[in-house]
Chemist: 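Let me give you the structure first, and then I'll get to my questions.
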Amino acid sequence: MTENPHVHADDIRSRFSAAMSAMYRDEVPAYGTLMSLVAAVNAETLAADPVLRERLEATGSLDRISEERHGAIRLGTPAELSMMRRVFAVMGMDPVGYYDLSTAGVPVHSTAFRPVGEESLKRNPFRVFTSLLRLDLIADEALREEAAAVLATRRIFTDEAVALVEKAERDGGLDETDAARFVCEVLETFRWHDHAIVSAGMYGRLHDAHRLIADVVSFRGPHINHLTPRTLDIDKVQARMPQEGIAPKAVVEGPPTRRCPILLRQTSFKALDEAVSFAGPDGSWQKGSHTARFGEIEQRGVALTPKGRALYDQLLSETRARVRPAADGSNAAEYEAALADVFKAFPDDWDDMRKAGLGYFSYSLTEKGRAASGRKADLETAIEAGLIRFDPIVYEDFLPVSAAGIFQSNLGDDATQEFAASPNQLMFERDLGVAVLDEFAHYAGIERASLEICLTIVNMAVAAE
Ligand code: OOG
Ligand code: NI
């Protein structure tokens, strides 16, 4: 036997992400169209912006972009969530962050499974926004019990997927053959099923309670509901979507267009109306339709510090207090104008943001810095002297207000419902089986590590003099 017979978790994730992309392209042809559009716009953007290209190359993050995507699933039970955590762990994906969407009228709370190490992110940053249905927010008790009973009967993982997860946990990884089987078996969980496990009548009742509940409860598994490529110019993709026969939602979620992008901007196209069959009496099938799967694109910017995030949240609330974006898009232009206006208060220059402590940056020695033995300099002097450069650390997570906007645009205007805001991170973590990671601690750690390497070398050069 060779020393390490195990396939690296990063490679399993990469293969899984590619397999999922191929499956989704088959299932939802518009996804393929969107991928081609994004690839074309990214190539144009890089050709027109050599500074951006150089930055992505210098930070080793150019290659990941064409492979980069995130998906989303909605789970029904705590047991499904905790098993899903174990499945993602085999692919080197950990739960980061807690998102409460009840405030936005969507009865779920969520986390994002993703790689956390810098090298793993560069290798393949595949993430899955994973929601757990909150039946506790459904008022109708009889319906709640009926839904729970249906969920209790389904098994969303194949026996072999479960066995392989147990094996990976026991042995500390999977060999080549098992890794290949693992990818195939786990893919089954994300597949679309056009035969519902409930009757048309029950589907109707679930749907009336909330469309999202019908989507989670009615099927054999948590079909992947979108897969999102990353673009370097979301405004351009948004503008070109109609030419490709795709109608985008009216408003891009997140911050406005900026020279120096922050956090995350997202837009999506509406969920498709898809033919499904409901379980009829005596094993017959009754034709119907369901909307769940949609398309989305995203543009990622710099990760913000708690101070930067507080400013972002404040400016977003201010904007939404001025103009509430209507679901039908009728006041989109007005909203965008207000957003741009209010966000003038957020510095739009990398160095200004860095100096104000609004964003996270990674520091590295320039060629001149590496050659500058004998220079003693503090950070700011070293930057000014061109010994150390800084680059924005990309935001790898999600935004609850944006996620709510994406959910809602796909659920339809009529789906907005009021729930009492009831974040319950403790309950979520109990169901998950572990605590979620804190995103801010993660970015701060990357920044600190980069800084330490630079300053050690500069100072060592001084000491060696
Ligand atoms: C998830 C919506 C959230 C995002 O990018 O913010 C999301 C869902 O619809 O299940 O994917
Ligand atoms: Ni998404």
Side-chain angles (χ1 to χ4, degrees), residues 17 20-21 24 28 30-31 34-35 38 68-76 80-81 84 88 93 95-114 125-134 156 189-190 192 210-219 221-231 234 237-238 248-249 251-255 263-272 274 290-301 312 316 325 327 394-412 415-417 428 439:
S17 166
M20 180 98 100
S21 187
Y24 203 60
V28 181
Y31 168 69
L34 204 56
M35 291 282 283
V38 166
E68 183 156 352
R69 50 189 76 89
H70 84 251
I73 51 170
R74 304 152 180 176
L75 301 171
E80 290 175 359
L81 180 66
M84 195 52 94
F88 282 134
M93 296 158 77
V96 181
Y98 172 77
Y99 303 90
D100 167 39
L101 296 176
S102 65
T103 40
V106 184
V108 302
H109 49 181
S110 321
T111 189
F113 288 94
R114 67 167 175 88
F126 181 59
R127 338 169 165 76
V128 179
F129 192 92
T130 303
S131 301
L132 177 63
L133 178 64
R134 292 187 64 179
I156 65 168
T189 300
F190 294 82
W192 175 247
H210 198 293
R211 286 170 66 159
L212 191 99
I213 302 173
D215 181 55
V216 177
V217 177
S218 306
F219 298 92
H223 38 255
I224 181 93
N225 65 46
H226 65 288
L227 211 49
T228 301
R230 176 173 163 198
T231 176
I234 198 165
V237 179
Q238 170 98 346
K249 75 193 275 301
V251 162
V252 174
E253 298 288 346
L263 296 173
L264 174 66
R265 302 183 72 211
Q266 299 172 299
T267 183
S268 60
F269 65 79
K270 288 247 158 81
L272 315 165
E274 299 180 272
H290 177 65
T291 51
R293 300 188 299 170
F294 59 98
E296 183 193 50
I297 51 163
E298 66 183 18
Q299 179 173 357
R300 292 187 173 267
Y312 169 79
L316 190 67
V394 64
Y395 187 60
E396 307 285 355
D397 294 288
F398 294 88
L399 296 169
V401 176
S402 301
I406 298 285
F407 266 107
Q408 258 143 16
S409 87
N410 286 290
L411 295 170
T416 311
Q417 273 181 33
F428 186 81
E439 58 180 69

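Every number for a ligand or one of its atoms is a count from 1 in the order of the listing. The first residue of the sequence shown is numbered 1, and numbering continues consecutively from there. Atoms considered below: every heavy atom in the structure, side chains included; atoms not considered: hydrogens, waters and symmetry mates. Since we're looking at a predicted model, the values are computed, not measured.
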Chemist: Do you know which N/O/S atom name in His226 is closest to the Ni ion (ligand 2)?
Modeler: NE2
Chemist: Test Glu298 against every option in Arg69, Arg265, Arg127 by the salt bridge (Lys or Arg N to Asp or Glu O under 4.0 Å) rule and name the one that passes.
Modeler: Arg127
Chemist: Under the side-chain contact (heavy atoms from CB on, under 4.5 Å) rule, collect the residues that match up with Ala72, sequence neighbours excluded.
Modeler: Phe129, Asn225, His226
Chemist: For Pro248, which residues count as a side-chain contact (heavy atoms from CB on, under 4.5 Å) partner, sequence neighbours excluded?
Modeler: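 With neighbours one apart ignored, the set is Gln238, Met241, Pro242, Thr267.
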Chemist: Taking the Ni ion (ligand 2) as the reference point, name the nearest N/O/S atom of His70.
Modeler: NE2
Chemist: Mind checking side-chain contact (heavy atoms from CB on, under 4.5 Å) for Thr291 and listing every partner two or more places apart, or none if nothing turns up?
Modeler: Arg211, Ala271, Asp273
Chemist: So, taking the atom named CD1 in Ile234 and the one named CD1 in Ile297, what distance separates them when rounded to the nearest 0.5 Å?
Modeler: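 One gets 4.5 Å once the value is rounded to the nearest 0.5 Å.
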Chemist: Under 3.5 Å, is there a donor-acceptor pair between the Tyr99 and Ser131 side chains?
Modeler: no
Chemist: Only N/O/S atoms count here: what is the atom of Glu296 closest to the Ni ion (ligand 2) called?
Modeler: OE1
Chemist: Can you see whether Phe126 has Arg230 sitting over its ring - NZ or CZ less than 6.0 Å from the centre and within 45° of the normal?
Modeler: no
Chemist: List the protein residues in contact with ligand 1, where contact means a heavy-atom separation under 4.0 angstrom.
Modeler: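 Correct list: His70, Ala72, Arg74, Phe129, Asn225, His226, Gln266, Phe294, Glu296, Phe398, Ala403, Phe407.
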